[in-house]
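Below: one structure, written as structure tokens.
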Amino acid sequence: MWIRMLAAMLAATLLLIALLSANPEYRLFMPGLFEGAVLTVEITLLGAVLAVFMALIAALAKLYSPLPIRWLSTTYIEIFRGTSALVQLFWLYFVLPQFGVFLDAFLVAVLALGLNIGAYGAEVVRGAILSVARGQWEASIALNMSKAQMLRRIILPQAFTAMIPPWGNLFIELVKSTSLVSLITLADLTFKAQQMNQTTLKTVPVFTLVLLIYLAISLTVTIAMRLLEQRASKGLTRGRVA
């Protein structure tokens, strides 16, 4: 039911964008905004991959690694959760060159946003792992599994289902955070909108289209995560029955 409702909202949003694009006042802005939206989606996808990777590594390190690595993992999580994503973006783009490290703006955007969301995601992963019933751990030990086998075959598949809803929220947050990259000269959706608004002073059509495009991207992410959650839940149920 929820997926159908979200799909209907997405269809309505896309239809509204199409209808507005038929209006000459709005049509003028669509090519530039589309280019910006493509860059926004690219940053979102790459940032999401980095975020998931860092979250898994940091969470597992915090739970099962020797103390020095556990401290390193905790330091990463607390620094990136405890400071602004905008400051992290500026630090990587403007401060690192002071130490002789020059990074491309696109790479900075992916790193800053991916590491930021990954720090929040690490706590999601850690909480999901710890939420797995104690009996599952004991059964794995009884089967003489190593810790790696236990995590890969028993614990993580069950924890994965519990991770999906909060990860959906984090990915939406990632989509919205991409608007910050306009401040380091990347021509994303927000950057294009600001340029067009300053050039034409057509505030209403420009930012109406931008709002709808961001909404369409976010709804797409939400539907994808709902479908993934539904599939993972069914797979987990079949596994228990078997």
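Fair warning: this is a prediction, and the values are worked out from it, not measured in the lab. Along the sequence shown, residues carry numbers from 1.
Counting all heavy atoms, side chain and backbone alike, I164 lies closest to M225 at CG2-O, 3.5 Å. Looking at every heavy atom in both residues, A37 comes nearest to I213 through CB-CG2, 3.9 Å. Nearest heavy-atom pair across I155 and I129 is CG2-CG2, 4.0 Å. Between L10 and A216 the shortest heavy-atom distance is CD1-O, 3.5 Å. Scanning all heavy atoms of the two residues, the minimum distance from P166 to A162 falls at CD-O, 3.5 Å.
Residue pairs meeting the salt bridge (Lys or Arg N to Asp or Glu O under 4.0 Å) criterion with at least one partner in residues 172-183, sequence neighbours excluded, are E173-K176. Pairs engaging residues 102-122 under the ring-ring contact (aromatic ring centres under 6.0 Å, His included) rule: none recorded [sequence neighbours left out]. Pairs passing the salt bridge (Lys or Arg N to Asp or Glu O under 4.0 Å) check and including a residue from residues 203-215, sequence neighbours excluded, do not occur. Residue pairs satisfying the side chain to side chain donor-acceptor pair (under 3.5 Å) criterion with at least one member in residues 218-229, sequence neighbours excluded, are absent. Contacts classified as salt bridge (Lys or Arg N to Asp or Glu O under 4.0 Å) and involving residues 11-25 (residues at least two apart or in different chains) are given here: E25-K202.
Under a hydrophobic-cluster definition in which Ile, Leu, Val, Met, Phe, Trp and Tyr are linked whenever side-chain heavy atoms come within less than 4.5 Å, directly or via other members, L89 and V87 are assigned to different clusters. Clustering ILVMFWY residues whenever any of their side-chain heavy atoms sit less than 4.5 angstrom apart, transitively, puts I79 in a cluster other than the one holding W71. In the hydrophobic cluster analysis, where Ile, Leu, Val, Met, Phe, Trp and Tyr join through side-chain heavy atoms closer than 4.5 angstrom, L15 is grouped apart from I17. Both L107 and V95 are part of a single hydrophobic cluster, where members link through side-chain heavy atoms under 4.5 Å apart. Under a hydrophobic clustering in which Ile, Leu, Val, Met, Phe, Trp and Tyr are joined whenever their side-chain heavy atoms come within less than 4.5 Å, directly or via other members, L201 and V206 fall into different clusters.
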Residues 110-117, side-chain donor-acceptor partners within the protein, below 3.5 Å, at least two apart:
residue	atom	partner	partner atom	Å
N116	ND2	F80	O	3.1
N116	ND2	Q88	OE1	3.1

For residues 183-192, which side-chain N or O atoms pair as donor and acceptor with protein atoms under 3.5 Å away, sequence neighbours left out?
residue	atom	partner	partner atom	Å
D188	OD1	F191	N	3.1
D188	OD2	T190	N	3.4
T190	OG1	Y214	OH	2.7
K192	NZ	E35	OE1	3.4

N/O donor-acceptor pairs under 3.5 Å from side chains in residues 26-34, not counting sequence neighbours:
residue	atom	partner	partner atom	Å
R27	NE	S21	O	3.4
R27	NH2	A22	O	2.7

Enumerate donor-acceptor pairs with a distance under 3.5 Å from any side-chain N or O in residues 42-69 to protein atoms, sequence neighbours excluded.
residue	atom	partner	partner atom	Å
T44	OG1	T40	O	2.8
K62	NZ	E123	OE2	3.2
S65	OG	A61	O	3.3

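The OG atom of S182 sits 10.5 Å away from atom CG of L39, with the distance rounded to the nearest 0.5 Å. Rounded to the nearest 0.5 angstrom, T203 OG1 and Q198 CD are separated by 10.0 Å. A distance of 8.5 Å separates CE of M9 from CE of M5, quoted to the nearest 0.5 Å. Taking CG of L209 as the reference point, atom CG of L211 lies at 9.5 Å (rounded to 0.5 Å).
Ring pair F90/F94 is perpendicular by interplanar angle, where above 60° counts as perpendicular and below 30° as parallel.
Listed by chain and residue number, nothing satisfies the side chain to side chain contact (heavy atoms under 4.5 Å, CB included) test with L72 (two or more places apart in sequence, or in another chain). Qualifying side chain to side chain donor-acceptor pair (under 3.5 Å) partners for R70, counting only residues two or more places apart in sequence or in other chains: none. By the ring-ring contact (aromatic ring centres under 6.0 Å, His included) test, F160 pairs with no residue at all, sequence neighbours left out.
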| request: Begin with the C-alpha distance, continue with both residues' side-chain angles, and end with the deciding distance and a verdict on side chain to side chain contact (heavy atoms under 4.5 Å, CB included) for L227 and R231. | output: CA-CA 6 Å; L227 289 170; R231 183 169 181 177; over 6 Å; no

